[in-house]
Amino acid sequence: MTHTPANLFATYTGHIAAALDRLEAAGSLPGGLNRANITCEPPRDPAHGDLSTNAAMVLAKPAGTNPRALAEMLAVELRAAPGVEAAEVAGPGFINLRLVDAAWRDELRAIAEAGDAYGRSDMGAGTTVNVEYVSTNPTGPIHMGHCRGAVVGDALASLLEAAGHTVIREYYVNDAGGQVDVLARSVHLRYREALGEDVGEVPEGLYPGDYLVPVGQALAQLYGDRFVSLPEAEWLGDFRKASVAAMMKIIRHDLSLLGIKHDVFASEAELQAAGKPDAAEAWLRAHDLVYDGVLEAPKGKTPDEDWEPVILPLFRSTKFGDDQDRPIRKSDGSWTYFGADLAYHFQKAQSADALVDIWGADHAGTVKRIRAAVAALTGADGHTAKPFEIKIVQMVQLMRNGEPVKMSKRSGNFVTLADVVEEVGKNVVRFTMLTRKPEAQMDFDFAKVVEASKDNPVFYVQYCHARVRSTLRKGAVEGIMPDVSAIDRLETDELALVKLAAQFPRVVESAAAAREPHRVAFFLYDLAAGFHAHWNVGNDSPGKRFIVTQDRQLTAARLFLVSQIGQVIRNGLAILGVEAAEEL
RNA sequence: GCGCCCGUAGCUCAGCAGGAUAGAGCAUCAGAUUCCUAAUCUGGGGGCCAUGGGUUCGAAUCCCGUCGGGCGCACCA
């Protein structure tokens with residue numbers, strides 16, 4: 001296991017706990033109080049100090065005292081904690097701590113010692129999390145509607161790794177359903193076309209996309225004309241397999257453009273061939289969680305006229321909070337999507353300590369049933385159910401000239417991920433998707449994004465890193481290298497940058513716990529802003545520039561600071577999967 | 001009709017598991033480059049945090065209602 005550096009905020013949370021222990025031992029505070037809501041955070045206004053705790057306000061009521069009085073007692077204890085220069089009670093009962101400069105110099109050293117590992121945490125304790133994301137149907141290239149889930153899932157996976165989890169990145173390939181028949185027929189058409197037949201317009205109901213042309217050509221090369229006039233049953237199976245393989249190749253390529261690589265591609269067809277859904281059904285029937293029953297009529301606004309009650313095997317998802325029980329097989333005996341999906345999630349649950357699924361909002365309606373299934377399958381017989389979270393990523397509304405674009409693979413009308421990445425680059429796409437919380441809808445106007453890509457905040461952060469590198473290059477030209485032994489020369493305004501950077505480990509932990517990678521992106525933006533601001537101080541005051549050739553020792557100290565700011569930017573960008581630029 | 005998500009500056013969005021005077025970018029106005037990259041910085045204007053109640057020391061944040069927007073409500077995937 002890699003060495004995880006100490007986290008300053010965790011350290012002081014510990015000091016606060018110790019101070020409370022001493023108050024308890026002295027009889028000034030009742031024992032057994034719930035400390036779960038105590039925080040140790042930087043105050044919003046830096047003038048208030050370096051760290052702030054709400055401990056007195058949280059504990060005052062259960063302790064039967066008032067917040068200010070408790071805060072005063074606690075402040076006395078905290079003044080004795082290492083590195084604390086001042087502890088003041090403020091407002092309704094906050095305790096603001098100011099640390100000695102030496103504490104921040106220590107943190108600066110800690111960044112350098114940890115290097116690429118700075119910000120990593122052992123919070124996850126090595127537990128395995130399976131993150132399933134993308135999982136688009138293998139019927140064509142990835143389009144922009146799927147891009148957001150792909151980026152968010154990938155960044156979340158990296159974030160969880162940084163927070164000390166072992167992560168499995170998984171893609172569920174829906175290669176068993178009826179849409180693959182449609183795909184295979186569409187490819188068969190292209191196959192006949194490749195053999196010289198004039199197929200005319202692609203008929204309604206088949207995929208019209210050009211990306212199927214080469215697939216048909218390849219099959220023509222492989223098979224010659226032997227499947228041209230044979231009945232569908234003779235070729236459908238082979239064509240399904242070949243088409244899915246071709247589509248997955250395209251999809252993997254599209255994902256690679258974004259730097260996304262999955263560890264596991266789980267095939268629905270293989271899952272079914274291995275009898276997993278049958279086993280799940282048998283087990284669920286044995287536990288009276290599947291029964292043969294009548295499906296309720298659809299509840300939509302327009303009730304279907306040709307609705308007929310049928311008896312199907314139903315999973316008792318209502319026992320777990322769903323609105324109605326859900327069929328796991330169709331009337332022809334084949335598996336519903338849900339029937340196979342439940343077996344898939346059960347299988348996946350064996351591979352990890354916790355599961356996270358990233359889904360598009362269009363599938364939000366099925367969250368309850370699959371949650372119910374995982375709870376049923378993993379939580380029975382006295383086991384506690386496997387932790388399972390579904391993160392819903394809201395739709396990206398594609399716009400063109402201010403008009404919404406209706407996208408579908410059937411119509412062939414869609415903006416592909418590859419087009420966008422080619423136009424604005426992987427870094428812009430990724431950062432754009434990561435600078436908003438995933439559960440809010442967003443519009444994505446292709447033209448606007450291309451036009452505004454120069455204003456993208458990703459460049460602001462990358463420029464910060466580029467400035468760091470150019471400063472170090474310039475220093476090297478002057479023959480001055482970063483030197484840790486000189487950092488006593490750093491002054492308060494320079495240590496302020498360390499204070500900013502020192503929040504990174506805390507940001508990683510809280511972002512991982514909340515499964516919100518976008519917090520890392522916003523932190524990097526703030527850190528870059530601090531750096532840019534300090535840089536410009538040097539415009540008015542040449543003595544504040546990082547490189548002051550008359551004072552080589554001071555310059556060495558400042559270059560050390562600069563290089564560590566670059567380190568933190570780099571570590572953060574690595575989590576987001578965005579490249580740190582050497583120059584812009 | 002039901003379920004889930006969202007509503008914060010003119011626009012795009014943050015707001016760190018309830019904290020102190022609600023913040024950025026874009027746009028707008030006024031400034032800063034003989035200087036390590038101005039793809040930057042400094043300052044101004046701009047807010048009933050959709051709305052009405054509730055919970056408590058304290059609410060943009062939690063609960064309930066209303067309004068507005070999105071997604072879904074199949075034996076599809």
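Nothing here was measured: the structure is a model prediction, and the numbers come from that model. Numbered from 1 within each chain, the chains take letters A, B, ... in sequence-line order. Both backbone and side-chain heavy atoms feed into the values below; hydrogens, waters and symmetry mates do not.
When heavy atoms are screened at a 4.0 angstrom cut-off, A/Arg545 is found touching base atoms of the nucleic acid. Note on A/Asn539: a base of the nucleic acid sits closer than 4.0 angstrom, heavy atoms only. A/Lys61 comes within contact range of the sugar-phosphate backbone alone, with a heavy-atom separation under 4.0 Å but no base atom that close. Using a 4.0 Å heavy-atom cutoff across all strands shown, A/Gln441 reaches at least one base atom of the nucleic acid. Counting non-hydrogen atoms under 4.0 angstrom, A/Ala60 reaches nothing in the nucleic acid. Within the nucleic acid shown, A/Ile547 comes within 4.0 Å of at least one base atom, counting heavy atoms only. Nucleic acid contact class of A/Ala533 (heavy atoms, under 4.0 Å, all strands): sugar-phosphate only.
Of the inter-residue distances, the one linking A/Phe431 atom CZ with A/Phe459 atom CZ reads 11.0 Å to the nearest 0.5 angstrom. Rounded to the nearest 0.5 Å, atoms CD (A/Glu268) and OH (A/Tyr172) are 3.5 Å apart.
Cation-pi contact between A/Arg506 and A/Phe9: present, with separation from the ring centre below 6.0 Å and deviation from the ring axis of at most 45°.
Ring pair A/Phe523/A/Phe504 is parallel by interplanar angle, where below 30° counts as parallel and above 60° as perpendicular.
For B/C75, the base has a donor-acceptor partner in the side chain of A/Ser331 [N/O atoms by modelled type, under 3.5 angstrom].
Nearest nucleotide to the A/Phe546 side chain, out of B/A77, B/C36, B/C75: B/C36. Picking from B/A24, B/U40, B/C76 the nucleotide with the shortest atom distance to the side chain of A/Arg467 gives B/U40. Proximity note for A/Asn137 (side chain, C-beta onward) versus B/A77, B/C36, B/C41: the nearest is B/A77. Minimum atom distance to the side chain of A/Asn174 is reached by B/A77, of the listed B/G3, B/C6, B/A77.
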Check: protein-nucleotides 15-20 of chain B nitrogen or oxygen pairs below 3.5 Å:
from	atom 1	to	atom 2	distance (Å)
B/G15	OP1	A/His518	NE2	3.0
B/C16	O3'	A/Arg519	NH1	3.4
B/C16	O2'	A/Arg519	NH1	3.2
B/C16	O2	A/Arg506	NH2	3.0
B/A20	OP2	A/Arg44	NE	3.4
B/A20	OP2	A/Arg44	NH1	2.9
B/A20	OP2	A/Arg44	NH2	3.1
B/A20	N6	A/Ser52	OG	2.6
B/A20	N6	A/Asn96	OD1	2.8
B/A20	N1	A/Asn96	OD1	3.3
B/A20	N1	A/Asn96	ND2	3.1

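Counting only Watson-Crick and G-U wobble pairs whose two distances sit under 3.5 Å, RNA chain B takes part in these stems of three or more pairs: B:1-7 with B:67-73, B:10-13 with B:23-26, B:28-32 with B:40-44, B:50-54 with B:62-66.
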